[in-house]
A.B. asks: 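I'd like to ask some things about the structure below.
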Amino acid sequence: MKRKTEIWAHRGASGYAPENTLEAFRKAVEMKAEGVELDIQLTKDGELAVIHDERLDRVSDGSGYVRDFTYGELYALDVSRPMPSYGTVHIPTLAQVLEELRPTGLSVNIECKTGIYFYPGLEEKMVRLVTDMGMTDRIWCSSFNHESVLKVKKLCPGMKTGFLVSDVIADVADYVKRNGVDALHPALYHMQDEGLPQRCRQKGIALHVWTVNDKEQIRSLAAAGVEAVITNYPDVAAEALAVFGSPDSLTV
């Protein structure tokens, strides 16, 4: 059985451009990533904003919680704080990002940031937007809030879903399969469990591993047959996987 390990850009090509911005997603396209990962939260006026942290402080010149601002107020902020030399960049909406990526054919892993604040209505808004844009077949929905993932699966059975995990869960492959979810999104350190790829493969569960920036670790995951590595550096991942030759030449 031949299996390709795809490269998904974590919050866009966030090693080179401010995370979760249009600039980072454009960079991922330029670097020929096969997918991108992004995060969504709800603004005070009900917009789906693409930003990771619940608070604005780490990435922007503002302070406070995303949920307490309208999208217009959020857009006025500069989110280049971790990369000040990049110049002013803004928080996009999910609609803006999907419109940017729609012509590219890339997969889009949308993480619902509902693990701390449940954001009532977020899942419905996301599903409606993706459906209206005709992109359901290219979307993966994931979350650390597994109830949120199951809600999306119920709202849109055709959308692919993944359980994000940070803690070790007993019989995690069984847990994913039992809930009818398509993939497991484990942290890199979970891959110390050498039998995990085999157990997931036996149950038809995809593995998308985050966040992997080291070439040797990327090669090791590809050799284990994981379906995607989520990385800040798509070009580094491409160099790491080049040793396998043709993308479809890895047999597991």
Side-chain angles (χ1 to χ4, degrees), residues 1-11 33-40 107-116 118 123 126-127 130 136-214 216-232 237 240-241 244 247-252:
M1 177 182 178
K2 291 183 178 179
R3 183 181 304 274
K4 176 184 176 182
T5 297
E6 293 191 345
I7 298 166
W8 291 3
H10 181 236
R11 308 177 197 170
E34 287 123 331
V36 301
E37 183 270 352
L38 57 83
D39 310 276
I40 59 170
S107 297
V108 183
N109 174 20
I110 299 173
E111 179 183 340
C112 296
K113 294 293 291 184
T114 48
I116 295 177
F118 286 6
E123 296 90 351
M126 185 272 288
V127 167
V130 168
T136 305
D137 61 337
R138 288 170 49 192
I139 301 298
W140 286 85
C141 172
S142 64
S143 183
F144 287 104
N145 180 342
H146 296 178
E147 291 290 346
S148 190
V149 174
L150 295 178
K151 185 175 185 179
V152 167
K153 181 61 87 173
K154 184 175 181 179
L155 289 166
C156 187
M159 187 179 294
K160 298 182 289 290
T161 52
F163 279 161
L164 272 160
V165 291
S166 56
D167 294 328
V168 176
I169 298 174
D171 299 322
V172 68
D174 289 334
Y175 170 69
V176 175
K177 184 69 173 181
R178 186 169 66 250
N179 280 285
V181 172
D182 306 286
L184 176 66
H185 292 202
L188 175 61
Y189 51 79
H190 286 108
M191 302 310 292
Q192 295 175 80
D193 180 351
E194 294 180 1
L196 184 58
Q198 291 77 13
R199 293 196 300 275
C200 288
R201 193 171 305 122
Q202 288 167 1
K203 296 182 181 299
I205 297 164
L207 268 175
H208 306 147
V209 183
W210 55 276
T211 303
V212 197
N213 296 322
D214 177 81
E216 289 305 314
Q217 291 172 331
I218 291 168
R219 291 188 186 112
S220 176
L221 292 172
V226 306
E227 281 73 11
V229 291
I230 302 173
T231 179
N232 297 337
L241 296 181
F244 294 110
D248 295 314
S249 66
L250 180 63
T251 302
V252 296

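Because the structure is a prediction, the values reported are computed rather than measured. Quick note: numbers below take in every heavy atom, side chains included, and nothing from hydrogens, waters or symmetry partners.
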A.B. asks: Heavy-atom distance under 4.5 Å between the side chains of Glu227 and Leu207, does that happen here?
C.D. replies: yes
A.B. asks: When you compare the side chain of Val152 with that of Met126, does any pair of heavy atoms fall below 4.5 Å?
C.D. replies: yes
A.B. asks: What distance do Cys156 atom SG and Lys151 atom NZ have between them, rounded to the nearest 0.5 Å?
C.D. replies: 14.0 Å
A.B. asks: Could you grab the distance from atom CG of Leu155 to atom SG of Cys141, nearest 0.5 Å is fine?
C.D. replies: 9.5 Å
A.B. asks: Judged by modelled atom types alone, do Ser143 and Ser148 share a side-chain donor-acceptor pair under 3.5 Å?
C.D. replies: no
A.B. asks: Using side-chain heavy atoms (C-beta onward) and a distance below 4.5 Å, is Arg199 in contact with Asp193?
C.D. replies: yes
A.B. asks: Rounded to the nearest 0.5 Å, how far apart are CZ of Phe163 and CD1 of Ile205?
C.D. replies: 10.0 Å
A.B. asks: Let me confirm one number: the CG-CD distance from Asn109 to Glu6, rounded to the nearest 0.5 Å.
C.D. replies: 11.5 Å
A.B. asks: Answer yes or no: is there a side-chain heavy-atom contact under 4.5 Å between Val130 and Ile110?
C.D. replies: yes
A.B. asks: Counting distance only, does the side-chain N/O of Asn213 pair as donor-acceptor with the main-chain N or O of Asn232 below 3.5 Å?
C.D. replies: yes
A.B. asks: Is it true that a side-chain atom of Asn179 and a backbone atom of Val181 form a donor plus acceptor pair closer than 3.5 Å?
C.D. replies: no
A.B. asks: Answer yes or no: are there more than 12 heavy-atom neighbours, outside Glu147 itself, under 6.0 Å from its atom CD?
C.D. replies: no
A.B. asks: Would you check, one step at a time, whether the test side-chain contact (heavy atoms from CB on, under 4.5 Å) holds for Ile218 with Ile7?
C.D. replies: CA-CA 10 Å; Ile218 291 168; Ile7 298 166; over 6 Å; no
A.B. asks: From Ser142 OG over to His208 NE2, what is the distance, rounded to the nearest 0.5 angstrom?
C.D. replies: 9.5 Å
A.B. asks: With a sphere of 6.0 Å drawn around CG of Asp171, does it hold more than 12 non-hydrogen atoms of other residues, nucleotides or ligands?
C.D. replies: no
A.B. asks: Taking the side chain from Lys177 and the backbone from Lys203, do they hold a donor-acceptor pair closer than 3.5 Å?
C.D. replies: yes
A.B. asks: Does any part of the side chain of Val165, heavy atoms only, come nearer than 4.5 Å to the side chain of His146, both counted from C-beta?
C.D. replies: yes
A.B. asks: Would you say that Leu150 contacts Thr161 through its side chain, given a criterion of any heavy-atom pair below 4.5 Å between the two side chains?
C.D. replies: no
A.B. asks: Can you list every pair that meets salt bridge (charged side-chain N to carboxylate O under 4.0 Å, His left out) and has a residue in residues 178-187, with sequence neighbours left out?
C.D. replies: Lys153-Asp182
A.B. asks: Shortest non-hydrogen contact from Glu34 to Trp8?
C.D. replies: C-CD1, 4.2 Å
A.B. asks: Taking side chain as C-beta onward, heavy atoms only, is Thr5 less than 4.5 Å from Leu221?
C.D. replies: no
A.B. asks: Working to the nearest 0.5 Å, report the span between CD of Gln217 and CG of Leu188.
C.D. replies: 4.5 Å
A.B. asks: Would you call the rings of Phe144 and Trp210 parallel, tilted or perpendicular, taking 30° and 60° as the class edges?
C.D. replies: perpendicular
A.B. asks: If you apply the rule side-chain contact (heavy atoms from CB on, under 4.5 Å), what do you find for Val226 with Met191, and how did you get there?
C.D. replies: CA-CA 10 Å; Val226 306; Met191 302 310 292; 4.1 Å; yes
A.B. asks: Give a yes or no on whether the backbone of Met159 and the side-chain of Thr136 come within a donor-acceptor separation of less than 3.5 Å.
C.D. replies: no
A.B. asks: Between Glu37 and Arg11, is there a donor-acceptor pair closer than 3.5 Å when you use the side chain of the first and the backbone of the second?
C.D. replies: yes
A.B. asks: After noting the C-alpha distance and the side-chain angles of Cys112 and Phe118, does the key distance pass the side-chain contact (heavy atoms from CB on, under 4.5 Å) rule?
C.D. replies: CA-CA 9 Å; Cys112 296; Phe118 286 6; over 6 Å; no
A.B. asks: Between His190 and Leu184, is a side-chain contact (heavy atoms from CB on, under 4.5 Å) present by the stated rule, with each step listed?
C.D. replies: CA-CA 11 Å; His190 286 108; Leu184 176 66; over 6 Å; no
A.B. asks: Over all heavy atoms of both residues, which pair between Ala240 and Arg219 is shortest? Give the atoms and the distance, please.
C.D. replies: O-NE, 3.1 Å
